[in-house]
Amino acid sequence: MAVAFDEMNGPDGTLRPAYRELARWLKETPPDALEYRRQEAELLFRRIGITFAVYGDAEAQERLIPFDVIPRIISAKEWAILEKGLKQRVRALNMFLRDIYHGRDILRANIIPDDLIFQNPVFRPEMNGQDVPHDVYVHIAGIDIVRVNPEEFFVLEDNARTPSGVSYMLENREIMMRLFPDLFARHRVAPVEKYPDELLSALRSVAPLGASAEPTVALMTPGVYNSAYYEHSFLADKLGIELVEGRDLIVKNDEVFMRTTEGLKRVDVIYRRVDDDFLDPLTFRPDSALGVPGLMSAYAAGNVTLANAVGTGIADDKAVYSYMPEIVKFYLGEEPILKNVPTWRCREPKDLSYVLDHLSELVVKEVHGSGGYGMLIGPAATKATIEAFRDKLKREPEGFIAQPTLALSTCPTCTESGLAPRHVDLRPFVLTGSNHVTIVPGGLTRVALKEGSLVVNSSQGGGTKDTWILDE
């Protein structure tokens, strides 16, 4: 495998400018002082109660995501490219989703095969021809970015349904400012604290046309047993809006109301952290106790905005992802600023035969997989695992894509044996309102804590870091 690009020390071991101050500070800071602050950070996280549940893991129902105290630093110039590329991509995603549920020009132009859309389990026929307020489908996007060299960032995947992790971005920053004021004083770090205000203003801006001047926004959670419940309550609190479950809402005359101590109050915008399937038992799963009966009819009547819109899962699909360069060109007439990772679509016989011949070198992913589950990392897999995957691919090739094993960039990380490079990715959060797209400078850096591991997902033992965008 190629040698990974080291974000601090560069390809030839020369300290990169963004990391100069940090390197100086590390030289002056005794290792035991660093270790002491690392333990202090862990204590703070425990006290705040930031945990996430791991499904099916009896040992650790509530787990602390490990936090690494060495920040990841990105220069203003690098961030400017990322920001431009992210805005371009999310604009194209919104246009693509509108088109898929309306005119379908992209299918008529034969750029994407029809069956990839219509036979897709996350395509929602209920959304056909339905307008959504201001034509915004993806109000909050989490776009996963990896870096392979000083110049290039690649998009690893698009999260257009209910991207999570932003509470860690905000909490990581708060804890770093508390524990490392001296390190902050040496840098001009762009602030991320404005995220809740930006999010609230984006959500209010997409309220239905009939809403009051001060639209009521609520955050809908599946409840305390959801793995991201901490984040739901954290965000509702930061936004100053009600945290509701399905049973707190009621639909009357195609309008949505929440039950309050003063009686019913109309809700204009629902930031929902509940999957499509469970939103409305009258439209989707009749056995769902999490949803609100009649919610989809209020939505169809244009009386409530759901963020993100119903049916955005089609843009999360990893086979659709492989067409993103064409999607950007088709809707915007521009070359994509951020590249995709080269992708083989196993549904295509030619690609499948290549993938089957090179399984031990590739990463194979389920088109609907997430959280690092259901994937094969060829170079790290046993012969038996590779053979099991080979059978799966032959049985249902359309369920998988394959990509080269990228040498993700590394950042210095605190490990038991001192500072060592570990692989990282980045999830910036892109907010789309009625007439503007904003991105707070930063995002969630996830880090693979096991030596040599490329899997950064928290469910697979990854940790997080604070991401510093330098203000020039």
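When the shell of 6.0 Å around NZ of K339 is examined, it contains 12 or fewer heavy atoms from other residues, nucleotides or ligands. The environment of CD in E152 is crowded: more than 12 heavy-atom neighbours from other residues, nucleotides or ligands sit within 6.0 Å.
A salt bridge does not link E334 with K329: every distance from a Lys NZ or Arg NE/NH1/NH2 to an Asp or Glu carboxylate oxygen is 4.0 Å or more. A salt bridge links D144 with R427: at least one charged nitrogen is closer than 4.0 Å to a carboxylate oxygen. With salt bridges taken as basic N to acidic carboxylate O contacts below 4.0 Å, none links R16 and D12. One finds no salt bridge joining E398 and R345 here, because no Lys/Arg side-chain nitrogen approaches an Asp/Glu carboxylate oxygen to under 4.0 Å. For the pair R89 and D158, the salt-bridge criterion is met [side-chain N within less than 4.0 Å of a carboxylate O]. A salt bridge is defined here as a Lys NZ or Arg NE, NH1 or NH2 lying under 4.0 Å from an Asp or Glu carboxylate O, and R347 with D115 meets this definition. Between E348 and K350 there is no salt bridge, since no side-chain nitrogen of the basic residue lies less than 4.0 Å from a carboxylate oxygen of the acidic one. Salt bridge annotation for K318-E157: present, with a cationic side-chain nitrogen under 4.0 angstrom from a carboxylate oxygen.
Between I270 and L295 the shortest side-chain heavy-atom distance falls below 4.5 Å. In this structure, the side chains of D316 and R161 come closer than 4.5 Å at one or more pairs of heavy atoms. The side-chain heavy atoms of P428 and I145, taken from C-beta on, include a pair separated by under 4.5 Å. Side-chain contact between Y137 and Y101 is present, with at least one heavy-atom pair separated by less than 4.5 Å. Taking 4.5 Å as the limit, some side-chain heavy atom of L359 sits within range of a side-chain heavy atom of V364. In this structure, L22 and I73 have side chains that are in contact, with non-hydrogen atoms separated by less than 4.5 Å.
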Less than 3.5 Å apart, which donor and acceptor atoms pair up between the side chains of residues 107-114 and the rest of the protein, not counting sequence neighbours?
from: R108; atom 1: NH1; to: G103; atom 2: O; distance (Å): 2.9
from: R108; atom 1: NH2; to: D105; atom 2: OD1; distance (Å): 2.8

If you apply the rule side-chain hydrogen bond (donor to acceptor under 3.5 Å, both in side chains), what do you find for E326 with Y331, and how did you get there? CA-CA 9 Å; E326 289 84 353; Y331 295 106; over 6 Å; no
Could you walk me through whether N128 and R104 satisfy the side chain to side chain contact (heavy atoms under 4.5 Å, CB included) test, starting with their C-alpha distance in whole Å, then the side-chain angles of each, then the deciding distance to 0.1 Å, before giving a yes or no? CA-CA 10 Å; N128 284 339; R104 307 200 172 125; 2.6 Å; yes
Steps toward side-chain hydrogen bond (donor to acceptor under 3.5 Å, both in side chains) verdict (D135, N94): CA-CA 8 Å; D135 283 340; N94 271 307; over 6 Å; no
Please walk me through it: do M324 and V328 pass side chain to side chain contact (heavy atoms under 4.5 Å, CB included)? CA-CA 6 Å; M324 272 309 287; V328 170; 4.2 Å; yes
Full working for side-chain hydrogen bond (donor to acceptor under 3.5 Å, both in side chains) between E7 and S409: CA-CA 6 Å; E7 297 195 6; S409 61; 2.6 Å; yes
Side chain to side chain contact (heavy atoms under 4.5 Å, CB included) between R285 and L279, worked out: CA-CA 8 Å; R285 285 180 58 159; L279 275 177; over 6 Å; no
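Residue I337 comes nearest to I81 through the heavy atom pair CG2-O, 4.0 Å, listed as atom of the first residue, atom of the second, then distance. Nearest heavy-atom pair, P342 versus P404, reported as atom, atom and distance to 0.1 Å: O-CD, 3.2 Å. Residues T410 and P421 come closest through the heavy atom pair OG1-CB, 3.6 Å. When all heavy atoms are compared, the tightest approach of A420 to T415 is CB-CG2, 3.9 Å.
Taking CZ of F278 as the start and CG of L290 as the end, the distance is 6.5 Å to the nearest 0.5 Å. Separation of atoms CD (Q88) and CD (E335) is listed at 9.0 Å; rounding is to 0.5 Å. If you take SG on C411 and NE2 on H423, they are separated by 11.0 Å, rounding to the nearest 0.5 Å.
Aromatic ring orientation, H232 versus Y229: perpendicular (interplanar angle above 60°, classes split at 30° and 60°). Ring pair F118/F123 is perpendicular by interplanar angle, where above 60° counts as perpendicular and below 30° as parallel. Under the 30°/60° scheme for interplanar angles, the aromatic rings of Y195 and F429 are found to stand perpendicular.
Because its NZ or CZ atom is both nearer than 6.0 Å to the ring centre of F389 and within 45° of the ring axis, K392 counts as a cation-pi partner of that residue. Cation-pi geometry between R72 and Y19 is not met at under 6.0 angstrom from the ring centre and within 45 degrees of the axis. In this structure, R124 is positioned above the aromatic face of F284, its NZ or CZ under 6.0 Å from the six-membered ring centre and within 45° of the axis.
Just one of V69, V424, L449, L419 meets the side-chain contact (heavy atoms from CB on, under 4.5 Å) condition when paired with T413; it is L449. Of the candidates T464, D466, T467, N172 forms a side-chain hydrogen bond (donor to acceptor under 3.5 Å, both in side chains) with just one, namely T464.
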